[in-house]
Amino acid sequence: MKSLIERLLGDALAALVADGTLPAGTAPAIQVERTRDPSHGDLASNVALTLARGAGMKPRDLAARICEALPADRAVERTEIAGPGFINFFLAADASTAVVAEALRAGERFGECDEGAGRKVQVEFVSANPTGPLHVGHGRGAAVGDSLCRLLRATGWEVSSEFYYNDAGQQIENLARSVQARCRGQAPGDAAWPEDGYRGDYIVEVAEAYLRCDSVAAEDRQVTGAGDPEDLEAIRDFAVAWLRHEQDLDLKAFGVDFDVYFLESSLYRSGEVDDAVKLLVDGGKTYEQDGALWLRTTDYGDDKDRVMRKADGGYTYFLPDVAYHLNKWRRGFTRVINEQGADHHSTVTRVRAGLQALEQGIPEGWPDYVLHQMVTVMRDGAEVKLSKRAGSYVTLRDLIDEVGRDATRYFLAARAPSSQLTFDIDLALSQSNDNPVYYIQYAHARVCSVHQRLAEAGLAWDREAALAHLTLLGNEEEQELLRALARYPETVARAAREAEPHAVANYLRELAGHFHTFYNAHKVLVDDPALRAARVALAEAVRQAIANGLGLLGVGAPERM
RNA sequence: CCGCCUGUAGCUCAGCAGGAUAGAGCAACCGCCUCCUAAGCGGUAGGUCGCAGGUUCGAAUCCUGCCAGGCGGACCA
């Protein structure tokens with residue numbers, strides 16, 4: 001509908017250019033917006049305001065000329081010039097109800113579009129080190145990242161989701177030594193306890209499983225504990241597998257799955273890390289200093305050069321990161337989105353700089369990043385900081401177990417990633433109108449209940465037949481609901497484009513609100529068959545939008561509550 | 001000291017590709033169930049959009065400078 005108005009305005013402006021009212025070469029980006037106030041019509045444009053200066057006319061006069069030049073269209077009932085020079089469009093009744101037919105016919109595909117045109121995009125998210133259970137911050141990454149994947153798929157992109165395991169390096173060494181210490185019966189605080197060891201209770205569980213010679217299945221392998229406390233290599237393999245398994249369970253409980261699990265260690269085995277070094281050295285981008293090998297990242301916008309290979313011969317985390325992204329590029333992902341916590345934002349410049357230094361034709365701003373800010377958890381008005389198992393942080397599992405998957409996913413995805421998030425456990429737990437998850441789900445359940453009643457009463461409802469009666473939807477609440485419903489496809493498209501799933505969450509809250517208002521003001525199952533058919537159609541269209549929208553957030557849409 | 005993010009109603013937050021009187025929920029107060037699930041609805045009250053300049057016909061939205069909070073600034077990740 002928006003694009004129709006844009007086209008009409010474009011024709012009108014072309015006509016005015018042709019007759020000399022507007023200077024030649026006038027080709028503005030025409031803005032058409034949905035109005036906030038129904039008295040301003042359904043859609044409005046500010047073109048007259050933006051073009052008035054160039055035309056040497058008063059905005060309202062120009063608006064009048066534009067209106068005269070507008071081609072007639074049956075979807076537009078009338079136009080009005082308002083305020084400083086806005087052109088308001090009032091849609092014909094059958095145009096404003098068109099969205100109901102669209103929703104019912106499209107069904108689960110309502111709201112989808114082909115903006116991505118089948119292009120490939122890779123989304124990397126969570127990517128937690130396999131050194132402990134996932135915490136709330138990872139949960140936010142999982143909720144936002146997974147929802148982003150769903151949004152991109154819904155808008156025509158071919159999405160590949162990926163989890164990158166840092167299963168090599170110093171942190172893994174700490175993990176192995178921590179488990180080894182537990183195997184030997186040591187505890188944090190003991191003299192022999194490793195420096196920077198992991199203190200959580202789950203380390204005890206890993207040690208016990210290892211000593212019992214348990215078998216654990218990670219995504220691509222099966223590892224059996226050797227039972228020998230002195231075999232650090234065996235402990236490392238077992239511990240990593242155990243924690244990968246643990247994280248897989250956390251993600252499964254959260255309803256998140258990945259297309260690809262990528263291991264940092266594979267980059268060493270395949271020689272890709274060494275290849276990256278060779279490319280950088282041969283390209284003359286490096287220098288030796290104090291026994292270390294440095295990369296001139298300052299040539300690419302970084303504020304200081306970075307060490308690639310330490311004096312002890314080991315690589316810094318930065319180098320495998322570069323090799324990993326080169327790997328992504330070579331897999332043909334011209335678009336990559338990395339969703340990560342903002343506490344790692346300093347890597348953005350570094351990775352991009354490293355990729356530029358490779359001179360492999362990678363674009364400067366590649367890859368894209370979505371950074372989410374920190375999460376704090378509140379209960380009884382106080383911040384919750386500790387978990388029994390993990391010790392120093394609140395685990396994702398704790399939250400899912402306590403407030404449920406749907407509420408957890410909704411709350412973690414409902415805020416702009418760039419904003420810090422306060423997760424209020426009391427609110428997420430409340431089974432009342434305080435809780436937006438239930439509020440939205442309840443609207444869905446109410447429509448399902450209407451269908452149930454309809455069937456119980458032995459009343460038939462035929463979709464195509466109902467669509468013929470939609471013009472009966474004329475009262476204020478119905479009109480408001482139609483206006484809200486019409487915004488769904490635009491909301492999805494924009495949320496995907498801006499990588500902001502929270503827009504969907506907020507929209508659904510509003511849509512559900514309009515539905516509840518309508519539902520409370522008017523009976524759906526009235527005696528008049530035509531009106532009844534039309535209202536059921538409207539309710540069903542809303543249900544479809546809610547079900548689809550919740551699906552984009554990974555939240556369920558129950559039929560009864 | 002430098003970089004990124006944030007500052008909107010008592011609280012949690014939308015709005016920020018400039019637009020017509022700044023929104024929602026919670027909390028407060030007043031109402032609505034012989035009626036499709038009251039996990040619902042209606043109403044009242046509540047804001048110098050951190051502060052100060054600037055650009056513009058028009059700024060919560062863009063620019064600059066301050067102030068406050070969060071995060072980062074390793075031969076850790």
Side-chain angles (χ1 to χ4, degrees), chain A residues 29 31 33 35-37 39-40 44-46 49-50 52-53 58-59 82-86 88 129 131 166 169-172 174 196 289-294 303-304 306-318 320-321 341-349 371-374 376 378 381 411 414-424 427 430-443 445-454 456-457 477 494 497-498 502-503 505-507 509-510 512-513 515-526 535-536 539 560-561:
Chain A
Q31 285 180 42
E33 305 180 329
T35 57
R36 182 166 299 188
D37 183 340
S39 72
H40 295 149
S45 178
N46 63 353
L49 287 136
T50 56
R53 177 188 286 262
K58 290 182 190 166
F86 291 101
N88 295 334
N129 289 347
T131 54
N166 292 98
Q170 192 56 45
Q171 299 308 319
I172 298 302
N174 289 347
D196 299 326
Q289 187 181 307
D290 304 328
L293 184 65
W294 297 67
D303 54 0
K304 58 179 90 161
R306 305 291 167 178
V307 170
M308 295 164 53
R309 192 171 56 221
K310 299 181 276 183
D312 68 9
Y315 293 119
T316 59
Y317 69 93
F318 156 65
D321 272 3
D343 53 339
H344 288 97
H345 82 263
S346 61
T347 65
V348 175
T349 311
L371 303 176
H372 66 259
Q373 297 290 324
M374 305 294 98
T376 48
M378 304 287 284
F411 279 88
R415 300 288 179 240
S418 61
S419 288
Q420 287 169 53
L421 174 76
T422 304
F423 194 108
D424 185 338
L427 178 60
S430 72
Q431 300 211 344
S432 71
N433 55 352
D434 303 6
N435 191 329
V437 186
Y438 294 127
Y439 184 85
I440 296 165
Q441 290 181 327
Y442 184 47
R446 274 185 147 175
V447 179
C448 293
S449 171
V450 166
H451 283 297
Q452 178 88 25
R453 293 286 171 164
L454 198 62
E456 282 169 10
E477 289 79 10
R494 172 140 188 195
R497 210 180 303 133
E498 307 289 327
H502 74 286
N506 290 324
Y507 166 82
R509 181 67 177 74
E510 283 175 36
F515 175 76
H516 286 309
T517 297
F518 156 75
Y519 189 84
N520 216 263
H522 307 285
K523 198 169 164 62
V524 174
L525 300 179
V526 290
R535 285 188 177 162
V536 171
R560 67 187 64 204
M561 296 177 69

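Hydrogens, waters and symmetry mates are skipped; everything else that's a heavy atom, side chains included, is used. On a predicted model such as this, the values are computed, not experimentally measured, just so you know. In what follows, chains carry the letters A, B, and so on, assigned in the order in which the sequence lines appear, proteins first and then strands, with residues in each chain numbered from 1.
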message = Within the structure provided, determine whether A:Thr347 and A:Tyr317 are in side-chain contact (heavy-atom separation under 4.5 Å).
response = yes
query = Above 12 or not: heavy atoms from other molecules or residues under 6.0 Å from NZ of A:Lys58?
reply = no
query = Are any non-hydrogen side-chain atoms of A:Leu421 and A:Gln373 less than 4.5 angstrom apart?
reply = no
task = Could you check how far CZ of A:Arg494 sits from C1' of B:rA14, rounded to whole Å?
result = 12 Å
task = Identify which nucleotide among B:rU12, B:rA77, B:rA20 has an atom closest to any side-chain atom of A:Tyr317, counting heavy atoms from C-beta outward.
result = B:rA77
note = Under a 3.5 Å limit on both distances, the Watson-Crick or wobble mate of B:rC16 is none
message = Under 4.0 Å, heavy atoms only, any strand: does A:Asp321 hit a base, just the sugar-phosphate, or nothing?
response = nothing
ask   = Judged by atom type as modelled, is there a donor-acceptor pair below 3.5 Å linking the side chain of A:Thr422 to the main-chain atoms of A:Thr376?
value = no
query = Taking the same atom, P, in B:rA60 and in B:rC67, what whole-Å distance lies between them?
reply = 24 Å
query = Taking atom P of B:rG23 as reference, at what distance in whole Å does atom CZ of A:Arg36 sit?
reply = 6 Å
Given B:rC76, B:rG69, B:rC16, the nucleotide with the shortest approach to the side chain of A:Gln170 = B:rC76
task = Grab the CZ-P distance between A:Arg415 and B:rG7 for me, whole Å please.
result = 13 Å
key: Heavy-atom side-chain contact between A:Thr316 and A:Lys310 under 4.5 Å   = yes
key: Rounded distance (Å) that lies between atom C1' of B:rC13 and atom CD of A:Gln420   = 13 Å
request  = Look through every strand shown and name the nucleotide pairing with B:rC41 as Watson-Crick or G-U wobble, where both distances are under 3.5 Å.
outcome  = B:rG31
request  = Provide the distance between the two C1' atoms, one in B:rU61 and one in B:rG18, to the nearest whole Å.
outcome  = 6 Å
Under 4.0 Å protein heavy-atom contact, by nucleotide of nucleotides 29-38 of chain B - B base, S sugar-phosphate only = ------SBBS
ask   = With both distances kept under 3.5 Å, what pairs with B:rG72, Watson-Crick or G-U wobble?
value = B:rC2
query = From the list B:rG19, B:rC13, B:rA20, which nucleotide is the closest neighbour of the side chain of A:Thr50?
reply = B:rG19
note = 5'-most contact on RNA chain B (nearest-nucleotide basis), A:Ala512 vs A:Thr422, goes to A:Thr422
Considering all heavy atoms, the nearest A:Leu49-A:Pro84 contact = CD2-CB, 3.8 Å
request  = Taking the side chain as every heavy atom from C-beta outward, state whether A:Val450 and A:Leu525 have any atom pair closer than 4.5 Å.
outcome  = yes
task = Write down the distance separating the P atoms in B:rU8 and B:rG47, rounded off to the nearest Å.
result = 15 Å
note = When rounded to whole Å, the CD1 to P distance for the pair A:Ile172 and B:rC76 reads 16 Å
task = Could you measure between the two P atoms, the one in B:rG65 and the one in B:rG3, and give it in whole Å?
result = 10 Å
request  = Could you check whether A:Asn88 gets within reach of a base, just the sugar-phosphate, or nothing at all, counting any heavy atom under 4.0 Å?
outcome  = base
request  = Could you give the distance separating B:rC35 and B:rA20 at their P atoms, to the nearest angstrom?
outcome  = 44 Å
query = A:Phe423 vs A:Phe411 aromatic rings, parallel, tilted or perpendicular, using cut-offs 30° and 60°?
reply = tilted
ask   = Rounded to the Å, how far apart are A:Asp424 CG and B:rG10 P?
value = 19 Å
task = Determine, answering yes or no, if A:Phe86 is stacked on B:rG19 under the 5.5 Å centre rule and the 30° plane rule.
result = no
ask   = To the nearest angstrom, how far is A:Leu427 atom CG from B:rA24 atom C1'?
value = 13 Å
key: P gap between B:rC29 and B:rU34, integer Å   = 24 Å
message = Would you say the ring centers of A:Tyr438 and A:Tyr442 fall short of 6.0 Å from each other?
response = no
query = Counting any heavy atom closer than 4.0 Å, what does A:Ala44 reach on the DNA or RNA strands: base, sugar-phosphate only, or nothing?
reply = base
key: Pair A:Ser39-A:Asp37, side-chain donor/acceptor within less than 3.5 Å   = yes
query = Within a reach of under 6.0 Å around CZ of A:Arg560, are more than 12 heavy atoms found that belong to other residues, nucleotides or ligands?
reply = no
query = What does B:rC26 pair with, Watson-Crick or G-U, if both distances are under 3.5 Å?
reply = B:rG10
request  = Using the C1' atom as the reference point in each nucleotide, state the distance between B:rA22 and B:rG46 in Å, no decimals.
outcome  = 13 Å
inquiry  = Quick check: closest heavy atoms across A:Arg535 and A:Val526, and the distance to 0.1 Å?
reply    = NH1-CG1, 3.7 Å
inquiry  = Tell me whether the side-chain N/O atoms of A:Tyr439 come closer than 4.0 Å to OP1 or OP2 in B:rC41.
reply    = yes
inquiry  = Whole angstroms only, please: what is the CZ-C1' distance between A:Arg509 and B:rU12?
reply    = 13 Å
Atom pairs, N/O to N/O, protein against nucleotides 71-75 of chain B, distance under 3.5 Å?
| unit_1 | atom_1 | unit_2 | atom_2 | d |
| --- | --- | --- | --- | --- |
| B:rG72 | O2' | A:Ser346 | OG | 3.4 |
| B:rA74 | OP2 | A:Lys304 | NZ | 3.3 |
| B:rC75 | O2 | A:Ala311 | N | 2.8 |
| B:rC75 | N4 | A:Asp290 | O | 3.1 |

query = Is it the case that A:Arg446 places NZ or CZ above or below the six-membered ring of A:Phe515, under 6.0 angstrom from the centre and within 45 degrees of the axis?
reply = no
note = Given the 90°-from-0 boundary between syn and anti, B:rC67 should be labelled anti
remark   = Nearest-nucleotide check on RNA chain B, A:His516 vs A:Thr35; residue mapping nearer the 5' end is A:Thr35
ask   = If we take the P atom in both B:rA52 and B:rC16, what is their distance in whole Å?
value = 24 Å
query = When you check the phosphate oxygens OP1 and OP2 of B:rG42, does a side-chain N or O of A:Thr517 lie under 4.0 Å from one of them?
reply = yes
inquiry  = Using a heavy-atom cut-off of 4.0 Å across all strands, would you classify A:Arg535 as base, sugar-phosphate, or nothing?
reply    = nothing
task = With the side chain of A:Arg497 defined as its heavy atoms from C-beta on, choose the nearest nucleotide among B:rA14, B:rA20, B:rA17.
result = B:rA17
query = When all nucleic acid strands are considered with a 4.0 Å heavy-atom cut-off, which category describes A:His502: base, sugar-phosphate, or nothing?
reply = sugar-phosphate
